[in-house]
Every structure is written in structure tokens, then in C-alpha cells.
Amino acid sequence: MKAVMVIVDGLADEKIEELGWQTTFEAARHPELDQIAAGGYTGWFSSCPQGYLPESMPCILNLLGIEPAYFPQSRASLELLANGYCLEQDEVVLRCNLAALDSHGILSSFNGGNLTGPDMEEAAKIAADIDPNIKVLHLSGYRNLIIVKKHYFQTLDCKTYPPHEFLGGDSDALLADICASAPILQKFVSEGKDRLKHLSSQEQQLMFYPWGISGKSCLPAFAELYSKKAAAVCGAEIAKGIALALKMDVPELEEATGDTDTDLALKAQTACRLLSGHDFVLVHINGADEAAHRHDYREKIEFIERIDREFFAFLRQNLANETRILVCADHATSPVSGKHSALDVPYILRKAGETFPPGDLEANKALKYLISE
């Protein structure tokens, strides 16, 4: 048994007026995927587990059949693992955006406002120098992680608000709960604003925005769950962190990024190579999600077409006919609002020898069905 699961992050979305009331997937040309679908069957399922927001971490874990009892409090610990840092038991990690406020203190940007890449790198160095008791790991652009000892928190059960979901909100109100629980973070945020003044302007005040607290994560090994040897091909930290936490083999691919500039041909070649020594390969492709966050439906369509042309064409030509394939999205991401949503997502399933559909396939059972004998 050989199987490949391809998760196209944020692939689904709503029907868009400018596209003649089609989704971006419907508007895109994808003849290779159509051929895979012709040899199997298609459907829709709800990928987001009940009680969770439609974010990549719970949705990907759900698609991999992981029970919610194992879910980390936030994805920060998995992103940290993806960057080679294993969180200690007495530490917590938070995501920390370089955000921007308007002249009234209202959150106007979650991704660095109008700063350039070098400016954001300078801002990350500023963050690292604020407090020696706060470790700062710069990921890329506006994205950072901060590591703090647990004893600085009165409680770890404090409410945080994803900045990309709360644009237009009052920053003080959004950060009130976490800063009340950990005064060290209040000082970090306040001093950060002062140190960022030379990069700010009259129209935009920059700040460091901590959110998404998480302790050390402990997921079951994939081999223990399914008795299969697994590997993963991914560039986005969340997918890489999940794969490493599940003890999958994850090769380092510098050209495999988490955006539309990723090397799709390399991902396809690597997935096929890994199948020779593994039963199952997970491939995560993230660029469609990023294009939608940028409110660019045309970029999303073009990237979907590139995935078809550069990734799925290679898979079709190089995978054996009996290799099982599941293609799906983790969640929907709207290029109109720029936000995730809990819309049902499409799937394509090819499992040789099956002449009947599995009925209402459930997202958390899809992988088990794919690799079952």
C-alpha cells in the first residue's frame, strides 16, 4: 500500500461575483486534477472539528485523524518545533505579530503595515532586545514567536485574539486579558511601541502583538496510530511542526516555502522519491491561503493552476496507478474578506479497486479510509 495526501491550504472559498459567481477553484483550469477525479470520486466534507475555529492547526490534525484531546492550545509550539526549538516543560510560547495601529489606537494591520522586509527584520531585532526574560524567534516578515517562563503568568487560561481576525478592534482591549495575566508582556508591548517609533509614522503606529499561547505539545506518533511509515513534504511551519510532532520524516527543502513562490516541481519530485521508502506521504501546499489573505483572487487562481501544472502533472506521470491519492483543503480562505471560514471543502479520492463511494466521508476518518487495507 502506497498513499499520498495533498492538503492545499485555504483552497476553498465562496462564490465570487467578479468570477461570475464561481469559486476560485471552479474558475481555475486544472486538467490534471480532473483526470485524478475521473479515476476516483469527489465530494465535500467539513474539515474543521466541532468547537474549533477554522485554522490550519486543528483542521490539519483533524484530517490526519488526531483526536482533539491531543490538540495543543495553539499552533505556536508546533511552529517552534519546526524551527528546531523544543519547548521546555516550564516554558510557554506565543505567536507575536508585528502589527500596526491607526492614529486612534485601532488595529489596522496584522502584517507589518507598509514596512519593507528589511524594516521588519530590524523590528524583530528590536523585539529581541526588549527583555532578557523573553526569547524572540523571528520566523519571517511580520511573524515572530516569543518564549516566556510559565511563572510569569498568573494563569495560562487567558483569552487572546488573532490579529488577522480582529482588524478594526481596540488593541488595548484585545490584549487586556493576556497582559493582565502576564505583566511582563504588558511591559514588552509598551516598550516595543516606544522602540518602534522611528519605524512608525503619523498614520501608523507599530507594535508587537502577542497572542496564541501554548505549552509543550505532545502528539502521538503516526506509526503508533496507523502502523505505517510516514514522511511529509512541506514549507509552512505549522505543517512541518505537525509532521515532526507526529515523528514523520521531514526533509529540509529550502526552495519549498509557505507562499506562492514555492518550488512545486521539487515538492512533487520529493513526494515521489519518499514513497519508495515510506507507506504514506503528506504534502502540504500553502500559497493559495496566502494569496487569499492578500485579497487577491487572481493570484489564488493562478497558483491553483500552477499546482495543477507543476505538481499534479508530475504525480500523475510518476505514481503507479495503484497509489492511493487524497486531495483536499484544510479550510476555506476568502480572497474577498481575507479570512478563514468554516465552509465545507472539496476532496478528490482515488483508491484503486474501489468501485463504490464511501458514502458521506468524514474528514477525521478520511486518512484511515485512504490507507486501510
Side-chain angles (χ1 to χ4, degrees), residues 1-10 32 56-57 59-61 63-66 72 75-87 137-140 143 145 217-290 303 306-320 323-328 330 367 370-371:
M1 188 284 298
K2 299 287 184 179
V4 178
M5 182 179 190
V6 183
I7 299 176
V8 183
D9 202 299
E32 301 295 335
S56 290
M57 184 194 74
C59 292
I60 293 174
L61 289 173
L63 288 167
L64 293 173
I66 307 301
R75 64 190 277 173
S77 60
L78 296 169
E79 291 185 326
L80 192 65
L81 183 62
N83 283 276
Y85 189 107
C86 189
L87 200 65
L137 175 65
H138 180 54
L139 300 180
S140 63
R143 300 167 57 246
L145 298 174
S217 59
C218 186
L219 298 179
F222 189 93
E224 294 173 4
L225 288 173
Y226 296 110
S227 300
K228 305 290 183 184
K229 188 176 182 183
V233 181
C234 42
E237 282 100 352
I238 182 56
K240 183 178 179 181
I242 287 173
L244 289 171
L246 292 171
K247 296 181 174 56
M248 295 181 177
D249 294 328
V250 185
E252 288 290 338
L253 301 174
E254 290 186 9
E255 298 86 353
T257 72
D259 213 318
T260 54
D261 61 349
T262 194
D263 190 332
L264 292 166
L266 177 63
K267 282 192 168 185
Q269 294 160 14
T270 305
C272 292
R273 175 176 58 81
L274 288 170
L275 269 180
S276 65
H278 297 81
D279 304 304
F280 171 75
V281 174
L282 168 68
V283 181
H284 178 267
I285 301 174
N286 195 58
D289 181 66
E290 295 298 328
F303 187 65
R306 271 193 58 216
I307 295 172
D308 192 72
R309 186 171 62 250
E310 299 174 21
F311 179 85
F312 284 111
F314 188 90
L315 251 61
R316 283 194 61 237
Q317 293 167 9
N318 290 276
L319 291 184
T323 301
R324 302 168 181 185
I325 301 173
L326 174 62
V327 184
C328 60
D330 54 345
L367 174 59
L370 180 71
I371 63 178

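Counting begins at 1 with the first residue of the sequence.
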| field | Interatomic distance, L81 atom CG to I238 atom CD1 [nearest 0.5 angstrom] | value | 10.0 Å
| query | Does a side-chain heavy-atom distance below 4.5 Å link I7 with C328? | reply | yes
| said: Between L63 and M5, is there a side-chain heavy-atom distance shorter than 4.5 Å? | reply: yes
| D279 (side chain) donor-acceptor with K229 (main chain) under 3.5 angstrom | yes
| note | One should read off an interatomic distance between L244 CG and C86 SG, to the nearest 0.5 angstrom, of 10.5 Å
| request: Working to the nearest 0.5 Å, report the span between CE of M1 and CD1 of I371. | output: 5.5 Å
| said: In the structure I gave you, are the side-chain heavy atoms of L225 and I66 within less than 4.5 Å of one another anywhere? | reply: yes
| said: Once rounded to the nearest 0.5 Å, what's the spacing between atom CZ of R75 and atom CG of L80? | reply: 13.0 Å
| Heavy-atom side-chain contact between T262 and N286 under 4.5 Å | no
Listing, residues 246-255 side-chain donor-acceptor contacts under 3.5 Å, not counting sequence neighbours, or none:
| unit_1 | atom_1 | unit_2 | atom_2 | d |
| --- | --- | --- | --- | --- |
| D249 | OD2 | H278 | NE2 | 2.7 |
| E252 | OE1 | K240 | NZ | 3.2 |
| E252 | OE2 | K240 | NZ | 2.6 |

| Mind checking whether P72 and L61 have side chains closer than 4.5 Å, heavy atoms only? | yes
| If only atom types and distance count, is the side chain of R306 paired as donor or acceptor with the main-chain N or O of T260 below 3.5 Å? | yes
| Side chain proximity check, F303 to I285, heavy atoms < 4.5 angstrom | yes
| Among all residues two or more places apart in sequence or in another chain, which pass the ring-ring contact (aromatic ring centres under 6.0 Å, His included) test with Y226? | F222
| remark: Taken to the nearest 0.5 Å, the spacing of I60 CD1 from D330 CG works out to 5.0 Å
